[in-house]
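I have placed the structure first, in the form of C-alpha cells, so that the comments after it can refer back to it.
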Amino acid sequence: MQETYDPAAVERAAQQYWQERRAFEVDESAARPKYYCLSMLPYPSGRLHMGHVRNYTIGDVLARYLRMQGYNVLQPMGWDAFGLPAENAAISNGVPPAQWTRQNIAHMRAQLKSLGFAIDWRRELATCDPQFYRWNQWLFLRMREQGLAYRRSGIVNWDPVDQTVLANEQVIDGRGWRTGAPVEKREIPMYYLAITRYAEELLRSLDGMPDWPERVRVMQANWIGRSEGCDIAFPYAPDTVRATGADGALRVFTTRPDTLFGVTFMAVAAEHPVALAAAQHDAALAAFIEECRRGSVTEAEAAIQEKQGMPTRLHVLHPFTGAPLEIWVANYVLMTYGEGAVMGVPAHDERDFEFAVRNALPVVTVVRSATGAYDEVRQPWIAAYADYGVTVNSREFSGLAFQQAVDAIAAALEKKGLGRKRVQYRLRDWGVSRQRYWGCPIPIIHCATCGEVPVPEEQLPVLLPEDLVPDGSGNPLAKSPAFYECRCPKCGQPARRETDTMDTFVDSSWYFMRYACPDAPAMVDERVGYWLPVDQYIGGIEHAILHLLYARFWTKVMRDFGMIGFDEPFTRLLTQGMVLNDIYSYQAEAGRKRYFNPADVDTRRGPDGTAVHEVTTPELGTVRVTHEGLGKMSKSSGNGVDPQGLVERLGADTARLFVMFASPPEQTLVWSDEGVQGAARFIRKLWNAVYAHVAAGTAPALEPRRLDAAQRQLRRLAHQTLAKATDDIGRRRNFNTAIAAIMELLNSIGRFSDTSPAARAVRHEALGIAIRVLAPITPHVCHALWQALGHSTALIDERWPAPDPAALEQDMQSLVVQVNGKLRGHISVPPGASESACTQVALADSHVQKFIAGKPVRRVIFVPGKLVNVVV
RNA sequence: GCGAAAGUGGCGGAACUGGCAGACGCGCUGGACUUAGGAUCCAGUGGGGAAACCCGUGAGAGUUCGAGUCUCUCCUUUCGCACCA
C-alpha cells in the first residue's frame with residue numbers, strides 16, 4: 001500500500017480491474033432479483049458538465065448500492081444524438097452533424113468512463129443509429145394504421161430563428177425554448193400523435209405512482225388539465241344564415257352549464273371560422289383579427305392584457321329562450337381550447353364580466369350565492385360571483401343546486417340535440433413533425449395519385465443521409481433530390497418523400513426499452529419483460545412534463561399493441577436539483593457585460609469590511625467585478641466548472657464525494673471549491689487512517705466478548721453508523737447524511753488511540769464498515785483500501801454489511817431531563833429502565849432540583865429511551 | 001392571477017414519528033509544526049452575559065407537559081402553469 005493517496009493511480013487500477021472482470025455486464029440468467037437503474041441519457045453536446053456528473057453519480061451510487069444488496073443491477077448509457085445543436089455546429093464549422101455528433105460521443109464516453117460509473121457499455125446506443133431509429137419509423141406506421149398518428153394542417157408555433165415548428169411544450173412564455181425568440185403562428189401540414197386518446201389513463205395512473213415526486217405528478221395532472229362540462233350548440237339566427245351562408249350552430253364548451261340563462265353574448269377566437277366569415281365584409285373587424293393573430297406579446301403578458309373585442313353583427317339563438325345573442329370576436333378566447341368559442345356569462349365569469357363592462361353588455365344574475373355573499377351581481381367584481389350556488393331566473397331550471405342544474409340542463413339539451421356532457425382536456429395531440437435535417441425521417445411518401453403512402457415495412461429504415469451540411473436556411477433534406485425523389489410504393493409513379501423529421505422526444509420515449517435488447521431483430525423482445533419497467537429513473541426536473549409524459553404515452557401504446565406487458569415505464573423517479581455557482585460580471589462603461597468564472601475571481605475584504613471581487617486580465621488589468629448572486633452553471637453566465645479538470649486534479653472519487661455530500665439529491669447544489677477541497681481532505685484522511693492501521697501489522701480476530709467499555713463504544717458507533725447509512729441510502733436517498741455519519745465515525749476512529757490487539761481488531765472492523773458504506777460513492781479508493789485491509793476478494797463483489805445487534809446493545813442509556821419543557825440535565829440509566837426508576841434518578845439530580853426549587857411536582861412525562869419532563 | 005414547495009449560524013446543510021436546535025462539511029479565530037504555507041495537526045466557533053443563566057429556526061397568534069416540526073393569519077423566495085371557458 002502506498003503511504004500517500006494518489007488518486008490517478010488508484011482510479012486507473014480500479015477501473016482496469018472492473019474492465020478486465022467485465023464487472024458491470026449483466027444478463028437475464030442471474031438468480032438474483034433484477035433492478036433497472038437508469039439515468040436520463042445525455043445530449044452529446046461535446047463535453048460533460050457538472051449537471052451530468054451529478055445525475056450519473058446519483059444513479060451510480062444507487063446502482064452500486066443495490067448491487068451490494070444482492071440485486072442483478074442493469075445500468076446502461078446512451079446518447080440522445082439527434083437535435084438542433086448538431087445542425088447549429090454544422091452551420092458554423094461546415095462539419096456534417098453526424099461527424100460532429102459522433103466525435104462528441106467518443107469524447108464524452110471517455111469522460112464518463114473516467115468517472116468510474118458501473119455501466120454495461122455493451123448496451124450503449126445512439127438515437128441517430130439507423131438500427132435504433134428504424135423502430136421509431138416502424139411504430140409510427142403502426143400508430144398510423146390505428147389512427148394514432150395522423151396528418152393535418154394546423155396552427156403551429158414557428159420559431160423564426162431555428163426556422164422550425166415547436167411543440168406547445170417547447171414554447172415558454174411565448175418564446176422558443178432554445179432560442180428565446182418570440183414565437184410566430186403559422187399554418188402548415190404536419191403529423192400528430194393522438195396522445196389525447198390516452199389523456200384519461202395518463203391522468204388516472206398518476207394516482208398509482210407513489211414513488212414519483214408529488215410535484216411532478218401535480219405538474220403532469222395540470223398539464224393534462226381535465227375539466228368536466230357540457231358542449232352546447234347555439235343555432236345561428238336566420239339573418240346570420242342569410243348573411244354568411246352559415247349552417248347549423250355555434251358550438252361552445254362550458255364547465256358552467258348552470259349559468260346558461262345568464263348568457264348575454266357569444267365570444268369567439270380571432271381565428272374562428274365565424275370571425276373570418278364576418279371579417280370578409282368588415283374591414284375594421286379584419287384589422288382587429290389581424291392584430292390579435294399577430295399577438296405581439298408573450299402569453300404571460302396576454303393573460304393580463306385588457307379584454308378587447310369587436311362585434312360581428314352576427315347572431316345565434318339561445319337554445320332554450322330563442323333570444324338572439326350577438327357574436328363578438330374577443331382576444332381572450334383561445335382557438336386551441338374547446339371549440340374556440342365561449343358563451344359569455346358576465347355575472348358569473350370574471351373574464352366575461354370584464355369584457356361586458358368594457359363593451360357595455362348586459363349582466364344577468366342567474367346564480368344566487370349559497371353563502372349569502374351577494375344577491376345581485378354588480379360592479380366591482382368579487383370572487384364569490386363565480387362560486388357555485390342555486391339557480392335563479394332560469395325558467396324551469398330555477399332553484400337548483402349546481403349539480404342538479406347541470407344534470408337537468410344537460411338532459412334537456414340532449415333531448416333537443418343541442419348539447420351533452422363532455423370531458424375536456426387541456427392536453428393537445430403531440431405534433432411530431434420538425435422541418436429539420438438532423439432527426440429521424442418520417443416514413444411517408446407523397447404521391448400525386450395515391451396521396452399519402454406509408455413506406456413499406458421491408459424498405460425501413462428510411463435512412464437519413466449523413467453527409468449533408470445545413471446552411472442555416474430551411475431543411476437540407478428538402479433541397480436534396482437524392483433523398484426526396486422516389487417512386488410511389490403503390491403505383492410506381494415518381495413521388496416525393498416526406499422531408500420532415502421527428503421530434504427528438506420520440507427517441508427518448510422508448511430508448512430505455514432498447515437497452516434491454518440492443519441487438520434484437522425486432523423493436524423489443526422478451527428481455528424487455530425481464531428488465532422493465534425501470535425501477536429507478538434519475539434525471540432533471542426540467543423533464544417533469546415533456547419527456548416523462550411522452551414516454552408514459554408511448555409505453556401505453558406499445559402495451560396496447562401487445563408488445564410489452566407493463567403500464568408505466570418508470571416505477572420510481574428521482575429528480576435531481578440544478579448545480580449552481582456564483583455569477584460575476586464586469587460592465588465596462590461602453591460595451592457589453594462580460595462574465596467571469598468564479599475560479600478567476602479574487603475576493604478580499606475592503607476597508608469597510610465588505611467583500612471586494614476582482615479579476616485580472618491582460619486586456620483589462622485588474623478590475624472590480626460585481627457578484628450577481630447564484631445561478632445555474634451555464635455558458636452564458638460563464639460560471640461552469642469543468643468536470644474533466646477536476647477529475648484530473650483531484651480524482652473522480654473527490655468529484656463524486658463532493659456532489660453527493662454538498663446537498664440532498666433533489667435540492668439545488670451550490671458549487672464550492674473549498675467544499676471540494678474538504679471532500680479531497682476527507683478521502684486523504686481515510687487513506688491515512690487505513691495506512692496507519694495496516695502499517696501496524698495484521699489485526700487479530702475480533703472477540704466481541706472481550707472488549708473494554710471504550711472498545712465496545714467504538715464498535716457500537718460503527719454499527720450504529722452502518723444502520724443509519726443503510727437507512728439514509730436505501731430508504732431515504734439522503735446520501736449527504738450517510739456521508740456525514742461516516743465522517744463522524746472516521747473522526748472517532750482518529751481519536752481512538754488504543755493500540756492493544758483488541759482495539760486493533762475493533763478498528764479493523766470499523767474501517768471495513770466505513771469502506772463498504774462508502775464503496776458506492778467513492779468506489780475507486782474503496783477498492784484499493786479494501787485490498788489494503790487484507791481481503792482476498794474484490795470489493796465490487798462484496799455484499800452490503802448488516803449491523804450486528806449485539807454490537808448495538810447499550811450498557812447505559814442517556815435520557816434528557818426537562819423541567820417545564822426546558823432542558824435541565826442528562827441522566828444515565830440501564831436500557832429499559834422503568835418510568836418510576838428514571839423519574840427517581842431525574843428528581844435526584846441536583847441541577848434538576850434547583851429548578852424544581854421546592855415547588856410541587858404536578859406531573860411527570862416519561863418517554864422511554866428519550867426523556868423525563870418534570871412539570872411543576 | 002392560479003397551483004406547489006421552501007424560509008434554520010458567516011455559508012452548504014442536519015434535526016426522519018412533536019422530545020437535547022445547529023450533526024457533518026466549509027469558512028473564520030487562536031495555537032502547534034515549519035525556511036515557508038493556500039499543507040498537516042490541536043482547540044474554539046448561533047447571539048447576549050463575568051457568571052448563573054437568558055434569548056434564538058421569516059413575523060404574529062394558537063394547540064401541547066413540550067413546537068424548527070402541527071393549526072391559523074401575514075411576509076418573503078423559488079419553481080410550475082398562465083385568459084383553459
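Between A/Phe261 and A/His318, the distance separating the two ring centers is shorter than 6.0 angstrom. With ring centers used as reference points, A/Phe355 lies under 6.0 Å from A/Tyr332. Checked against the 6.0 Å centroid criterion, the rings of A/Trp687 and A/Tyr691 do not qualify as a close aromatic pair.
Of the side-chain N and O atoms in A/Arg256, none sit less than 4.0 angstrom from OP1 or OP2 of B/A85. At least one side-chain nitrogen or oxygen of A/His847 sits closer than 4.0 Å to the OP1 or OP2 atom of B/C53. One finds no side-chain N or O of A/Arg426 lying less than 4.0 angstrom from the OP1 or OP2 phosphate oxygen of B/G3. Between B/A23 and A/Asn747, no contact under 4.0 Å exists linking OP1 or OP2 to a side-chain N or O. Between A/Thr737 and B/A23, a side-chain N or O to OP1/OP2 separation shorter than 4.0 Å is absent. Taking 4.0 angstrom as the limit, A/Arg681 places a side-chain polar atom (N or O) nearer than this to OP1 or OP2 of B/C26.
Closest to the side chain of A/Ser672, from the set B/G13, B/C26, B/C24, is B/C26. Here B/C41 is the nucleotide among B/C20, B/C41, B/A85 with the atom lying nearest to any side-chain atom of A/Lys685. Residue A/Asp728 places its side chain closer to B/C16 than to any other of B/G19, B/C83, B/C16. Minimum atom distance to the side chain of A/Val342 is reached by B/A85, of the listed B/C16, B/A85, B/A21. Looking at the side chain of A/Lys850, the nearest of the listed nucleotides B/A52, B/G13, B/C84 is B/A52. Closest approach to the A/Arg731 side chain among B/G19, B/C24, B/C16 is made by B/C16 (side chain taken as heavy atoms from C-beta onward).
In terms of position on RNA chain B, the residue among A/Ser814 and A/Phe851 whose nearest nucleotide sits closer to the 5' end is A/Ser814. Nearest-nucleotide positions on RNA chain B place A/Glu744 closer to the 5' end than the other of A/Arg751 and A/Glu744.
Here, B/C74 and B/C81 have their P atoms 26 Å apart, quoted to the whole Å. Spacing between B/U63 and B/U73 at atom C1', rounded to whole Å, works out to 15 Å. Atom name P, nucleotides B/C20 and B/U57: the rounded distance is 15 Å, in whole Å. When the C1' atom is used for both B/C83 and B/A23, the distance is 50 Å, rounded to whole Å. Comparing the C1' positions of B/G56 and B/U34 gives an interatomic distance of 42 Å, to the nearest angstrom. Separating the C1' atom of B/G60 from that of B/C79 is a span of 27 Å, rounded to the nearest Å. When the P atom is compared between B/G37 and B/G30, the two are found 14 Å apart, to the nearest whole Å. The P atoms of B/G9 and B/G22 are separated by 14 Å, rounded to the nearest whole Å.
For B/G9, the base is syn relative to its sugar; the glycosidic angle is within 90° of 0.
Under the 3.5 Å distance criterion, with hydrogens and angles disregarded, a donor-acceptor pair is assigned to the side chains of A/Gln220 and A/Arg552.
Using a 4.0 Å heavy-atom cutoff across all strands shown, A/Lys724 reaches at least one base atom of the nucleic acid. Here A/Arg858 lies out of heavy-atom contact (under 4.0 Å) with every strand. A/Val333 comes within contact range of at least one nucleobase, with a heavy-atom separation under 4.0 Å. If you check every strand for non-hydrogen atoms under 4.0 Å, A/Arg733 touches nothing. Among the atoms of the strands shown, none is found under 4.0 Å from any heavy atom of A/Asp352. Contacts of A/Gly225 with the nucleic acid, taken as non-hydrogen atoms under 4.0 Å apart, are absent. In this structure, A/Ser227 reaches the sugar-phosphate backbone alone: every heavy-atom distance under 4.0 Å involves primed, P, OP1 or OP2 atoms, never a base. Contact annotation for A/Arg684: backbone-only contact, meaning every heavy-atom pair under 4.0 Å involves sugar-phosphate atoms and none involves a base. A/Gln667 comes within 4.0 angstrom of the backbone, heavy atoms only, and of no base.
Residue pairs meeting the salt bridge (Lys or Arg N to Asp or Glu O under 4.0 Å) criterion with at least one partner in residues 732-745 of chain A, sequence neighbours excluded, are A/Asp728-A/Arg732.
Relative orientation of the A/Tyr388 and A/Phe402 rings is parallel, given thresholds of 30° and 60° on the angle between their planes. Between A/Tyr550 and A/Trp430, the two ring planes are parallel [angle under 30°; tilted spans 30° to 60°].
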CA sep, side-chain torsions, deciding dist, call: A/His627, A/Asp582, side-chain hydrogen bond (donor to acceptor under 3.5 Å, both in side chains): CA-CA 7 Å; A/His627 183 220; A/Asp582 290 302; 2.7 Å; yes
Derivation and outcome, side-chain hydrogen bond (donor to acceptor under 3.5 Å, both in side chains), residues A/Ser634 and A/Ser637: CA-CA 5 Å; A/Ser634 71; A/Ser637 302; 3.3 Å; yes
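For the pair A/Arg422 and A/Asp231, the salt-bridge criterion is met [side-chain N within less than 4.0 Å of a carboxylate O].
Side chain of A/His348 to backbone of A/Val367: a donor-acceptor contact under 3.5 angstrom is found.
You'll find the side chain of A/Val316 stays beyond 4.5 Å of the side chain of A/Phe265, heavy atoms only.
Applying the 3.5 Å distance criterion, the base of B/C20 shares no donor-acceptor pair with the side chain of A/Lys866.
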Along nucleotides 64-80 of chain B, 5' to 3', which nucleotides get a B, which get an S, and which get a -, given that the test is a protein heavy-atom distance under 4.0 Å? -B-------------SS
If a pair means Watson-Crick or G-U wobble with both distances below 3.5 Å, what does RNA chain B look like in dot-bracket form, with | marking bases paired to a different strand? (((((((..(((......[....)))((((((.......))))))(((....)))..(((((..]....))))))))))))....
